[in-house]
Amino acid sequence: MAETQPGYHWPHRHLLGLEDLSAQDIRFLLTTALGFDGVSTRSVKKVPALRGRVVVNLFFEDSTRTRASFNLAASRLSADVLEMAGKGSSVSKGETLIDTARNIEAMGVDVIVCRHHHSGAAAHLARSVDCSVINAGDGQHEHPTQGLLDILTIAKRTGRTDSFDFSGLTVAIVGDITHSRVARSNVYGLIKLGAHVILVGPPTLLPGAFTDIGCELSNSLDDVLPRVDVVNMLRIQFERLTSQAFPSVREYSTRFGLNAQRLSRAKPDLLVMHPGPMNRGVEIDSVVADGPNSAILQQVANGLSVRMAALFLVSGAPV
Amino acid sequence: MRVLADGDRFSELIDSLCVGISDTIASPGHPQASGGQTPESSPKDAPCGGWALVGVRSRGDVLAQRIAERLSAERFEGRIGTLDITLYRDDLSEIGPQPVVRTTEIDFPIDGLNVVLIDDVLMTGRSIRAALQSLMDLGRPRRVWLGVLVDRGGRELPIAPDFVGLDLTEGADEALAPGAKVQVMVTPTDERDAVVVFDEGEREGVERG
């Protein structure tokens with residue numbers, strides 16, 4: 001187990017992105033998540049840690065996995081959970097995000113879990129309310145709990161949960177980097193823990209600025225694949241793409257899709273991840289997604305522990 | 001800081017805990033298993049379940065290990081688990097940073113087991129309450145005993161130990177002043193084995209994990 005420095009306490013009331021966290025914060029949160037793993041496997045899948053607290057899921061975008069995962073995580077901590085959606089609420093009557101949030105807060109809420117289509121929405125919310133805010137995805141900015149669960153999955157599969165030290169590990173993130181909040185959160189977290197990160201995608205979807213924080217960029221998955229330990233295949237977000245930037249689905253799939261033939265040229269113990277939901281046959285083939293290299297379902301399981309840790313830690317942070 | 005027990009005295013405290021535990025386990029009416037038992041009726045197969053030592057982090061787990069070693073020298077068989085009670089503490093909702101959550105490691109079903117909970121110092125009884133709740137969430141043990149290296153007195157809940165190494169409660173030979181604070185140090189977590197007392201107002205010099 002990673003040793004925490006004496007006197008260290010989790011300092012953040014909000015979890016808005018991995019860019020704001022130190023390596024020590026990330027290691028502490030992931031170590032805490034390991035402590036929550038057992039809760040999901042025993043007969044009573046509940047601990048009383050957040051008894052009497054209220055968590056609100058405020059989602060302005062579609063979500064299955066993240067929303068369900070946060071709901072279950074809060075329930076397993078014995079918090080009460082309130083589900084709110086953008087559609088079918090006052091927001092569609094013209095209420096602003098902040099007004100909605102303040103009204104919810106007035107009901108005595110402790111944590112707001114927010115997903116919104118605008119980058120920076122969660123930070124805006126955090127400045128406007130007194131309760132804790134957890135970012136569950138804001139536009140093209142960050143999706144911190146996804147980044148953390150990906151990192152936890154890598155640590156478990158590569159035997160690095162003692163130290164969460166990723167030096168010597170090479171991780172490729174493949175896809176539409178420009179529009180991906182999952183990629184951003186992964187990059188910030190992985191670099192802070194010492195990993196080498198290669199971003200792979202078509203030139204139009206690969207922002208050059210990432211080299212400033214130490215990422216390597218590549219337009220060829222075939223060149224990169226033999227020397228990476230982990231590959232994270234991003235979902236092609238057809239809903240965010242403009243036709244000019246994106247090649248045809250067939251061209252993308254041919255050059256950047258992970259299929260059995262490509263996998264045969266990679267390291268035999270290559271770890272394959274995908275944040276879901278998958279476009280089978282586009283960015284990843286079924287034989288790979290369902291094969292022994294895949295950690296996709298473990299990612300989902302780890303998401304629960306990471307979200308329990310996030311809810312637990314922000315709830316106890318100093319005001 | 002005063003040292004109440006270290007070296008041989010510390011070993012004696014653990015021995016006296018072990019004697020109490022092994023007497024109870026071997027006594028008629030309890031299903032287990034003193035030295036003369038045949039292999040066919042090992043505790044694992046006994047209808048009432050075997051027995052287990054469960055240590056409460058972060059000193060009770062090491063003590064449970066120590067006790068198990070002594071008991072196994074007398075050919076006792078039992079399982080050992082570790083309980084992290086952080087998530088069950090009753091002071092979590094008070095303002096303050098969250099404590100470090102560690103893992104509970106009980107990799108056997110506790111339903112029907114005879115469990116001896118082991119902790120280092122018993123004072124208010126609140127951590128034992130948390131430990132009991134945590135244990136019940138893992139299953140339904142047949143019976144639970146409590147063994148502590150030091151009973152310091154000062155209970156705030158109706159909880160009493162079954163086995164005590166060192167009695168410092170009111171009326172005992174070495175009774176403590178109410179403000180004094182007892183700490184147990186145990187290798188390898190700490191540098192040495194000792195029971196120490198910090199008198200009221202004295203700064204605690206030992207970093208607790």
Q) Is there a donor in the side chain of A:Gln24 and an acceptor in the side chain of A:Ser22, or the other way round, less than 3.5 Å apart? A) no

Checklist entry - Just checking, is any N or O donor in the side chain of B:Asn114 or B:Arg143 under 3.5 Å from an acceptor N or O on the other one? => result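 There is no such pair (donor and acceptor under 3.5 Å, judged by atom type) between the side chains of B:Asn114 and B:Arg143.
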
d(A:Arg76 CZ, A:Leu304 CG) to nearest 0.5 Å is 5.0 Å

Find the distance between CH2 (B:Trp51) and CD1 (B:Ile110) and round it off to the nearest 0.5 Å.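 With rounding to 0.5 Å, CH2 (B:Trp51) is 15.5 Å from CD1 (B:Ile110).
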
Applying a strict 4.5 Å limit to non-hydrogen atoms, the region of A:Lys46 in contact with chain B is backbone

Counting only non-hydrogen atoms closer than 4.5 Å, does B:Asp137 touch chain A with its backbone (N, CA, C, O), its side chain (CB onward), both, or neither?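 Looking at B:Asp137, backbone and side chain both touch chain A.
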
Residues pairing under salt bridge (Lys or Arg N to Asp or Glu O under 4.0 Å) where one sits in residues 28-41 of chain A, two or more places apart or in two chains, turn out to be A:Asp37-A:Lys156

Considering heavy atoms only, which positions within residues 154-163 of chain B lie below 4.5 Å of chain A?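 No residue falls under the 4.5 Å cut-off.
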
What residues, two or more places apart in sequence or in another chain, satisfy side-chain hydrogen bond (donor to acceptor under 3.5 Å, both in side chains) together with B:Thr187?
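Per chain and number, B:Thr187 pairs via side-chain hydrogen bond (donor to acceptor under 3.5 Å, both in side chains) with B:Arg66, B:Asp193.
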
Listed pairs under 3.5 Å, donor-acceptor, residues 4-11 of chain B side chains, sequence neighbours left out:
from	atom 1	to	atom 2	distance (Å)
B:Arg9	NH1	B:Leu4	O	3.4
B:Arg9	NH2	B:Glu174	OE2	3.2

